[in-house]
Number of protein chains: 2
Amino acid sequence: MKPSTHAHSRPPQALSALTGRLRGQSRKITGPRQAILEILRRHPHPMTNREIFAAMPKGRCDLATIYRAMHLLEEMGMVQRFDFGDGTARFELVGEGDDGHHHHLVCTRCAGVVEIDECFLREIESRIAARNGFKAVTHKLEFFGICPECQR
Amino acid sequence: MKPSTHAHSRPPQALSALTGRLRGQSRKITGPRQAILEILRRHPHPMTNREIFAAMPKGRCDLATIYRAMHLLEEMGMVQRFDFGDGTARFELVGEGDDGHHHHLVCTRCAGVVEIDECFLREIESRIAARNGFKAVTHKLEFFGICPECQR
DNA sequence: ATCGCTGCAAAAATTTTGCAGGTAA
DNA sequence: TTACCTGCAAAATTTTTGCAGCGAT
């Protein structure tokens, strides 16, 4: 998992800012949730629930709790769900005010991830919506390839 | 599941042409495989393995056999795997000589699917590959929205 | 007669859920 | 105190795999 370069610059959010968003929605600030947010905060790339669980000091919380927390955080817009097509969901922290929409370039050999901040499809999205009479059209896009390290 | 419009026109392939491709790779033409190909042939949209199983006359073959067949057909390039982000794989028949690369517009209410034949990202793909030193870059892209029927 | 393929059953992996008890507010 | 959360256990899905026997070539 070599390429951890991220061309973007999502500034790390303070933990207090994150818990504040929870408090604002009158959700409780518990040990497991703080631990999860702390882990996501330090990780610039999408993580599976199992990875979050593994990164947690000595099973500090149950895996089921992580699943429930990610549902909540996703609903609140604090994390964004990504799907790399291997059948396991991945989550990334979303900056305050950001909608979290971006893409990734994933190495199919080592699973390394490069963040892609540009979005190329905004206008194509509206064209497709109009042409087919759809509303509220969004998209999911991920790139896959072989990273420089894995080519050698 | 209303919108079954497909702007594209993938001509249905004869079953004999399909089995011929199997024969050409010295794979066996069995009852289950013929049934699977027949079902896919009549379905212009991606199907889950369970849907294929359900469309099969009276459990004519085992679900595990369908999984194994789809692996084979995918490897042979006869079907293309799609991922609508709900954690279950979907498969669509690929025309002879076609690479199967295309996208979908999926209704998040009724799960209806519109096929999108254009691909907008060929050149962006090479730009991203070059910029990050990746090789063999591909992408997966799906659109989601609310179809005309479901808006009423 | 091969070797590949199938059905059945069991297992693996991810995700969801019920429930009783605990804790943040 | 009162909701909300958590851990534990069980269940629901999707997908994979082992094995013995059958069947296409």
Side-chain angles (χ1 to χ4, degrees), chain A residues 15-16 18-39 46-76 78-91 111, chain B residues 15-16 18-39 46-76 78-91 111:
Chain A
L15 188 58
S16 60
L18 294 171
T19 56
R21 289 171 75 179
L22 279 174
R23 185 171 291 120
Q25 303 251 345
S26 48
R27 316 310 294 243
K28 298 190 177 165
I29 297 163
T30 64
R33 289 182 182 173
Q34 289 182 70
I36 291 169
L37 290 171
E38 185 60 37
I39 289 166
M47 295 183 83
T48 66
N49 284 351
R50 191 163 290 280
E51 283 168 348
I52 296 173
F53 183 62
M56 191 98 35
K58 197 170 82 79
R60 200 174 167 306
C61 98
D62 196 86
L63 187 53
T65 299
I66 298 181
Y67 274 95
R68 283 189 272 232
M70 299 320 282
H71 277 299
L72 172 67
L73 294 174
E74 184 181 18
E75 221 168 74
M76 291 180 56
M78 289 184 61
V79 301
Q80 177 77 33
R81 176 190 298 258
F82 291 101
D83 190 341
F84 290 176
D86 64 348
T88 60
R90 284 173 167 76
F91 298 91
Chain B
L15 187 58
S16 60
L18 294 171
T19 55
R21 289 172 75 179
L22 279 174
R23 197 185 319 271
Q25 304 252 343
S26 50
R27 316 312 292 245
K28 297 188 176 164
I29 297 162
T30 63
R33 288 181 181 174
Q34 289 180 71
I36 290 169
L37 289 171
E38 186 59 39
I39 288 166
M47 295 182 82
T48 66
N49 284 351
R50 191 163 290 281
E51 283 168 348
I52 296 172
F53 183 63
M56 191 100 32
K58 197 168 83 75
R60 202 175 165 305
C61 98
D62 196 86
L63 187 52
T65 300
I66 298 182
Y67 275 94
R68 283 188 272 233
M70 300 319 284
H71 277 299
L72 172 67
L73 294 174
E74 185 181 18
E75 221 169 73
M76 292 180 58
M78 289 184 61
V79 301
Q80 176 76 32
R81 176 189 297 259
F82 291 100
D83 189 341
F84 289 177
D86 64 349
T88 61
R90 284 174 167 76
F91 298 91

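Lettering of chains follows the sequences in order, A, B, ..., and the numbering in each one begins at 1.
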- Note on the structure: In this structure, CD of B:Gln34 is separated from CG of B:Leu15 (nearest 0.5 Å) by 6.0 Å
- Item | Separation of A:Leu72 CG from A:Gln25 CD (nearest 0.5 Å) | 8.0 Å
Figure out the [atom1]/[atom2] separation between [X] and [N], and round it to whole Å.
{"X": "B:Ile29", "N": "C:dC3", "atom1": "CD1", "atom2": "C1'", "answer": "16 Å"}
{"X": "A:Glu75", "N": "C:dT16", "atom1": "CD", "atom2": "P", "answer": "12 Å"}
{"X": "B:Asp62", "N": "C:dG4", "atom1": "CG", "atom2": "P", "answer": "21 Å"}
{"X": "A:Gln25", "N": "C:dA24", "atom1": "CD", "atom2": "C1'", "answer": "17 Å"}
{"X": "A:Ile66", "N": "D:dG7", "atom1": "CD1", "atom2": "P", "answer": "9 Å"}
{"X": "B:Leu72", "N": "C:dC5", "atom1": "CG", "atom2": "C1'", "answer": "10 Å"}
{"X": "B:Glu51", "N": "D:dT13", "atom1": "CD", "atom2": "C1'", "answer": "15 Å"}
{"X": "A:Leu63", "N": "D:dA12", "atom1": "CG", "atom2": "C1'", "answer": "15 Å"}

Taking only side-chain N and O atoms of [X], does any of them lie within less than 4.0 angstrom of OP1 or OP2 on [N]?
{"X": "A:Tyr67", "N": "C:dT15", "answer": "yes"}
{"X": "B:His71", "N": "D:dT16", "answer": "yes"}
{"X": "B:Thr88", "N": "D:dT15", "answer": "no"}
{"X": "A:Thr30", "N": "D:dT6", "answer": "yes"}

- At under 4.0 Å between heavy atoms, what does B:Ala89 touch on the DNA or RNA strands: base, sugar-phosphate, or nothing? sugar-phosphate
- Task: Return the 5'-most residue of the pair A:Arg50, A:Gly31 with respect to DNA chain C, ranking by each residue's nearest nucleotide.
- Result: A:Arg50
- Query: So which heavy atom on B:Arg60 is nearest to which on B:Pro32, and how close?
  - Reply: NH1-N, 3.9 Å
- Task: Would you name the heavy atoms of A:Met47 and A:Ala55 that are closest together and state the gap between them?
- Result: CE-CB, 4.4 Å
- Message: Can you confirm whether A:Arg90 sits close enough to A:Met70 that some side-chain heavy atom of one is under 4.5 Å from a side-chain heavy atom of the other?
- Response: no
- Message: As a test of reading the structure: which of C:dG4, D:dT17, D:dG7 is closest to the side chain of B:Lys28, going by heavy atoms?
- Response: C:dG4
- Could one point to a donor on the side chain of B:Arg68 or the base of C:dG4 with an acceptor on the other under 3.5 Å away? no
- Taking for A:Cys61 and for B:Arg27 the nucleotide of DNA chain D with the nearest heavy atom, the one nearer the 5' end belongs to A:Cys61
